[in-house]
Amino acid sequence: MSTVRTRFAPSPTGYMHIGGMRTALFNWLWARHNGGQFILRIDDTDQERNVAEALEPIFRAFRWLGLDWDEGPDVGGPHGPYYQSQCGDLYQAAIDRLLADGHAYRDFEPPAETQRQREAAEKEKRTYVNSRQSLELSDSQRSDLVAQGTPHVVRLLVPRDRKVAIDDVVRGHVEWDCALMPDPVLCRSNGTFLYNFATVVDDARLQISHVIRAEEHLTNTAVQALLHEALGNPLPVFAHIPFITAPGSTKKLSKRDLQKLRSSPQLKKLFDRADEVFPKLGLGDSTALSPVMVEYYERLGYLPAGVLNALGRLGWSLDDKTEYFSRAELVAGFTLDRIVKKPAGFDADKLASYQAHWMNQLSLEEKLAGCRPFVDAMVEREGWVVPSEETLPKLIAALGDRLKVFSDVLDYPEFFVLDEKLVRDEKAFRQRVIDTPEAKAILSGFVAACPSEESFDVAACEQWLHQFAEAQGLKLGQIVHAIRLSVTGRPAGVGLAETLALLGRERCLTRLNEALGHVA
RNA sequence: GGCCCCAUCGUCUAGAGGCCUAGGACAUCGGAUUUUCAGUCCGAGAACUGGGGUUCGAAUCCCCAUGGGGUCACCA
């Protein structure tokens, strides 16, 4: 069997869509699974924007997830160019050939007339097919019109007397009646080319063996199959994978209706988190980086492994029980025949669970490396105090499973802010300290029992807590809340002994005394 | 509307005629452990869209209906 070559062809949109990333992943996996090649091709036929700039986030997403490409921008390759904007001559040559072979023709019908016919057909509830008036022209009439520079498009001459069919790897046999197909425009009157046509020329030129793409392209495939045939190309294998839907919806996940997505209970958490975290990091808010973009997850400190796992399991499964896949395991297990037909909803909860799983595989050093940039950013932008050498490692160790995503360190400001900047959860502090009659005695007694500076570590703090509770004839559960609220300002967090040790004797005493000032 | 695709727990899925009184995971709800939270352990509830066939036997095959979706550009 010949080499497997797959491709992903993004247009320079300025961001990488999470659904597109899944399509790219499937292409990459299939190529890697077969020891073939994965090609990146840029569909930049509309040259309005700054292509290089709009491409950067896309490359960034690929690199972040560790999806490398064998041919394409940066790496080049023997089948270039890899930018459609540079392929004009190739497309023109293909047009000329089609014209010469009689597979295509010049259509001089004015757009307004085409439009009129289309509307008329619609009104009569008739399937529209174009009139083909220009086919009646004689050769000399035609060359006169061309010589006069009469605007015209080039259309494929669809063989209306038959059907086209493909055997899609995920859909099975699909066929269309050509009699119902208007002749598609290949080349615009301004000389530029259409996507459907350019894609076919490129797929053939790049010797793409498998076209794996979202199912919204299924209808296009009729035209593309016809084009390949007219061009004398071997037909690639098609695999139309289901698209990703918004959670709780059956519609395509799209960046267009961000407002609707925001109201989905599942995604709301993600949007809210973005609004909370991104401004602190100077990255805008959830509009600039929304959960439909790959970069959202990167910037929030998700793991490539978590996102890859989630994406890989969306619309694909290996068997009835395997849930966790590393990149290598995905490569080893991935086959097209196990792709699911039904559109799959993007499941933020499931992503969270994959993420947690892969985070727990990390060493302390790796977690440290992941968290540090977030702390640094807070130091730089939000006035956090530069932590001592051992603070962050100790905190991360104490955090344990609580750390799901690297940016979660941002939830523990109590270890990084000056005592006077400590913000307490008002409601919880009131309940556990101000409105708790015993709080005063507990806090002052606890302060008095504070161990000495020299031995102030987790073990000593553990002892401090236990001995004090015992001396008071209280259970740990009865003293813990007042102390925690006083010292961290929050009702939950890492183990209390760890918290105390992490803060150090001085800060503990300052904060405990400060809290004492709030009780009568 | 035409054409095309799809249809198993709330969600992601297993199931290619008997192994299905339908399995797993996430989520949910109990209970245990714990100093809060997180976690962990144990447990529970939760699905084959409907109707016809075919067959000794259907979640699995066929047909129809219903529902959902995609696409109908001189967009990509």
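Within every chain, numbering begins at 1; the chains are lettered A, B, ... in the order of the sequence lines, protein sequences first and strands thereafter.
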When you measure from the side chain of [X], which nucleotide among [options] comes out closest?
X        : options             : result
A:Pro343 : B:A14, B:U13, B:C6  : B:C6
A:Lys252 : B:A76, B:G70, B:C3  : B:G70
A:Arg171 : B:C37, B:C12, B:C5  : B:C5
A:Tyr195 : B:A76, B:C12, B:A14 : B:A76
A:Val340 : B:U13, B:A76, B:U71 : B:U13
A:Lys404 : B:U36, B:C4, B:A38  : B:A38
A:Leu476 : B:U36, B:C6, B:U35  : B:U35
A:Asp349 : B:A27, B:G69, B:C12 : B:A27

Checking all strands, does [X] fall into the base, sugar-phosphate, or nothing category for heavy-atom contacts under 4.0 angstrom?
X        : value
A:Gly400 : nothing
A:Glu462 : base
A:Arg213 : nothing
A:Lys475 : nothing
A:Leu194 : sugar-phosphate
A:Ser189 : base
A:Gly345 : sugar-phosphate
A:Asn220 : base
A:Val174 : sugar-phosphate

May I have the distance from [X] (atom [atom1]) to [N] (atom [atom2]), rounded to whole angstrom?
X        : N     : atom1 : atom2 : answer
A:Tyr354 : B:C26 : OH    : C1'   : 8 Å
A:Asp43  : B:A76 : CG    : P     : 9 Å
A:Ile166 : B:U71 : CD1   : C1'   : 14 Å
A:Tyr128 : B:U71 : OH    : P     : 20 Å
A:His217 : B:C72 : NE2   : P     : 10 Å
A:Asp320 : B:U8  : CG    : P     : 18 Å
A:Phe325 : B:C12 : CZ    : C1'   : 12 Å
A:Met181 : B:G2  : CE    : C1'   : 14 Å

Query raised in the report: Are more than 12 heavy atoms from other residues, nucleotides or ligands located less than 6.0 Å from atom CD of A:Glu276?
Result: yes
Requested in this report: May I ask you to check whether A:Thr199 and A:Gln224 show a side-chain donor-acceptor distance below 3.5 Å?
Outcome: no
Query raised in the report: Does one side chain, of A:Asp202 or A:Gln84, offer a donor that lies under 3.5 Å from an acceptor on the other?
Result: yes
I want to check one thing: is the phosphate of [N], taken as OP1 and OP2, less than 4.0 Å away from some side-chain N or O of [X]?
X        : N     : result
A:Arg118 : B:G2  : no
A:Thr250 : B:G69 : yes
A:Lys342 : B:G68 : no
A:Thr219 : B:C3  : no
A:Lys251 : B:G69 : yes

Can you tell me the base-pairing partner of [N]? Count Watson-Crick or G-U wobble geometry only, both distances below 3.5 Å, and say none if there is no partner.
N     : result
B:C61 : B:G53
B:U28 : B:A44
B:A7  : B:U66
B:G2  : B:U71
B:G39 : B:U33

Aromatic contact, [X] with [Y] (centres under 6.0 Å):
X        : Y        : result
A:Phe446 : A:Trp464 : yes
A:Phe406 : A:Tyr302 : no
A:Trp316 : A:Phe325 : yes

Report task. Classify the ring geometry between A:Phe238 and A:His240 as parallel (under 30°), tilted (30 to 60°) or perpendicular (over 60°). Result -> parallel
Between the base of [N] and the side chain of [X], is there any donor-acceptor pair under 3.5 Å?
X        : N     : result
A:Arg402 : B:U36 : yes
A:Lys350 : B:A25 : yes
A:Glu323 : B:G24 : yes

Query - C1' spacing across the pair B:A65 / B:A25, given as an integer number of angstrom - result: 34 Å
Query raised in the report: A:Ser85 pairs by side chain to side chain contact (heavy atoms under 4.5 Å, CB included) with which of A:Asp43, A:Ile42, A:Asp44?
Result: A:Asp44
